[in-house]
Every structure is written in structure tokens, then in C-alpha cells.
There are 2 protein chains.
Amino acid sequence: MADNLQEQLYQNIRSGLLAGRFQPGERLKIRDLASEWGTSPMPVRAALQRLVAEGALEGEQQRSVRVPSMTRERYENIFQVRLALEGLAVELATPRLSRDDLALLRDCVQRMDVAIETRQVQGYLSANSQFHLHLYGACGNPVLMRSIESLWLQIGPFFNRLFTGADLSLRLNDFHEDAFAAIEAGDAKGARQAMEQDLLYFARFLLNLLALEQGEV
Amino acid sequence: MADNLQEQLYQNIRSGLLAGRFQPGERLKIRDLASEWGTSPMPVRAALQRLVAEGALEGEQQRSVRVPSMTRERYENIFQVRLALEGLAVELATPRLSRDDLALLRDCVQRMDVAIETRQVQGYLSANSQFHLHLYGACGNPVLMRSIESLWLQIGPFFNRLFTGADLSLRLNDFHEDAFAAIEAGDAKGARQAMEQDLLYFARFLLNLLALEQGEV
DNA sequence: CATGATATTTTGTGATCACAAAATAGTAAA
DNA sequence: TTTACTATTTTGTGATCACAAAATATCATG
């Protein structure tokens, strides 16, 4: 994609994180990744440091870079900020959506319905993230968008990992439908409220999965 | 402070940015900074890349790193996010403040009063940032705090530069006093509202300075 | 004098090496 | 078997070098 190596490595490691390919607490070692991708340690170092700066990885002083572990407390902290930022983004985006945007969002909602019925976790998560991020992307505020993406990068890994093998609740799409209806009607406040309900329901669902996992381990 | 070089350089460049020591659009060159601090280019490179990742500097593809310029639009984007995040932080922090915290905040308000009367811009800005950041720091949510600090790093440089030589409005402390009264009374919602008024007034004040500058240049 | 092509310099990126601190393995004593 | 100490390996950091692309300077041409 980009012509410099550290950008490519950044994208690779980032998508690896979002896909849940690394375990919480796992150490990402510069030389290992470098030999895996066939490069020198230098661009790997830069990519990891960037991910640390963005909050996607945690780096202790003069120590290895680690995949952060998700606790209930940390999840609630992130959730609190998400509620504020994503609520704002929905409100701003609603009056700015084009006909094409609406069509895409409608398609996402339908795909989530199908995915829930056929129990395709990956399909659900994919459509879910597209629904949210495409909607927020229309808010017209790059600073806001950047902050939201930083938060998604911090929780994304746990979405994918925790959801894998879990039963999808049948209600996981209800609030998306409410939100879409409000969006289509141009009701920004209503869309925000519906989306906040969605985030809340989703957060509770995920906290249950988190409690299950930590109970098992 | 820290034992690794890139951390020191990061702190140095960062405080240089916050002090308004660099001009908007100015290119920060690795080798120049390296020779200025007497190090190799390597830790400078890391420090600059970190600042880019945090949004404090902008880095085009395979090009020099630049100090971003502030436009009205960008300032309004940042302000919109600040309003959401700092409002939330005040609300969360209010019931968590200790007696010592309150004493410190009261002191900040007094120092701002004195600074406005004696027209000491630096004194005002210093007390102002301490008031806000210490208050937010008590919110108990590190994720929120981190996001707020990222935004301050993006506007801080322009505070200091634009304010220098400007006349301080006599009303620049009114809302701090309102906010402090609400905080002291434990009225979280009221504190949030007062702080939002402060941010709004401050933003307008700064947008005037920005318009003045861009009109002159 | 203005303008576009060319040569020179500057600058960021990536590789390799040296080094110190941290992590790990190994060993001996209780 | 457990614990404390030591030796070895691993790992991140910082320096130096090579290189290509970008920025700048130089010069010829209209």
C-alpha cells in the first residue's frame, strides 16, 4: 500500500490486533516480528512505538511491548468515553448522511440480521463495525473520528476474541434498527439515544463474556 | 528524568510545542534537533514519530514532520470534542475531589484573578491549565484523561502563542468561579454546565485572537 | 526578466553493529 | 523440593552508514 515499510508493518500488526491474533499480556518482540516479515528490526520498532503511542499496545519503561489485558474496570473506562464520543458523532452525522450512506447502513443492518440468525460471529462483527464506523465517519469532524478510532483499536481485539465461540444474543440488532429508523427520519437526538442504548446493551453483553472467560481461567 | 533518551527528547520537544516555541507550518528536521541536543538522529526520530502518532505534529508521507497550522475549522473540531470530554470529566471528578484538591483549585482561581489584574499572560495560562488538568485528573478514568491530554497538546501551542501580547478579558475567570462554587457544593451537573460555559467563552476569545492574527498576516 | 530543465544538497528511511539492562536458565545450598 | 545466587541469553536502545526521494540551487533558454 504505502511505499514505506513501517507503514505496512503498522497496518499488518494493527489488523492482527483487531483480529485478536495476539493474546492479552503477550509480548511483541521486535526481532521476532522482523524475521517473520523479513525486514530489519528498525521499521518494526517504529510500528510498535506508534501503536504504543496510540494506546493499542502498552510499553513499560525500557521493556518489552505488551498486548494490554482487558479488565472490567478498563472496559468500563473505555465505554464511558465511547458513549460520549460516539453519541456526539451520531448526532452530528445524522443530518449529513447521503442517500448512498443510508443504503450502506441499511445493508449493514440486514447483514447483521442474517448473521445473527445463521450464527456467523465474524459476519456480525464485520457488519457491526462497518455500520458504526461508516456512520461516525460522516460526522465531519476528523478530530472526533480519530479519537473514536483510537478507542476501537483498544477494544477491537477483545471483541473478536471474546465473541468467537459465543452465542449471539437475538437482541444484538434491535437497537441498530431503532437507530437506523431515527437516522432515516433525520431525528439526530433520537438516533443518539438509540445508539447509546445499543452501546450499553453491547457493553453488558461483552462484560458477561469477559466475566465468563475470567471465571474459566 | 527517564533513563532513555527518546523519552527525554519527547518531553523536551513536547514542552517546546506547548510553549509555542515553534511556528505553525514549521518543519522539524531530525538532524537539526539531533545536533541541537547532541544526540544521534535515532532517538529524535522516535520522539517525533510519537508526537505525530499523538496528533501533536503532522507528518506527510515520506516527508518532513511539520507543526500543524490552526484554522478556525480545526479549532472548532477540537473544541467540539473538548466540550464532550471535559464536560464528562468534570462531572465525574466533582464527587471525587479531596480537601487538598479543593484547596489547590481555589488557589488556581485566585492566581488567575491576580494574573488578570496584573496582566500577566503567562501566569494566567499556567494557573488556567493547572486548574483544568488537575480537576480532570480526579475523574478516575485514565482513558478519558489520556484523550483530553491529547487534545490539549493539539491546542496548547496556540494558546501560548496567540495569548502572548493580547489583552486578557476581565471575564476570563468568571466561569471558573462559578464552576468552583458548584464543585465545592458537590453539584456535578452544575459544575459541568459552568465549565462548558467557560470553554465556550474561552473558545470565542481565542477565535477572535486567531482572526486578528490571520487578518494581520 | 521569467521559466523550465538539470545538478547539487538535504532529509527521511532502513540496515547493521555495539552495548547495557532485563529475562531466563542453571546451579548449589537449605 | 524450594530458594537464592550466578551465568547465559535475550531484547530494547542508540550510533553509524548507505540509499533513494524530496527540496533546493544552478543554469540555460525563451
On DNA chain D, which is the earliest and which the latest nucleotide, 5' to 3', with an atom closer than 4.0 Å to a heavy atom of chain A?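 Span of nucleotides near chain A: D/dT11 to D/dA15.
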Look at all strands and tell whether A/Arg63 reaches a base, only sugar-phosphate, or nothing, counting heavy atoms closer than 4.0 Å. sugar-phosphate
So what does A/Leu9 touch, heavy atoms closer than 4.0 Å: a base, only the sugar-phosphate, or nothing? nothing
State, with a plain yes or no, whether a side-chain heavy atom of B/Gln49 is found less than 4.5 Å away from one of A/Gln6. yes
Work out which heavy atom in A/Asp101 is nearest to a heavy atom in A/His134; give both atom names and the distance.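 It is OD1-CE1, 2.9 Å.
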Compute the centroid of each ring, for A/Phe163 and then for A/Phe205, and state whether the two points are separated by less than 6.0 Å. yes
Please determine which of A/Trp152, A/Phe180, A/Phe159 meets the ring pair (Phe, Tyr, Trp, His ring centres under 6.0 Å) test together with A/His132. A/Trp152
How do B/Asp32 and A/Gln6 order along DNA chain C: which one's closest nucleotide is nearer the 5' end? B/Asp32
Report yes or no: do B/Arg111 and B/Gln130 form a side-chain donor-acceptor pair below 3.5 Å?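 B/Arg111 vs B/Gln130: donor-acceptor pair found between side chains.
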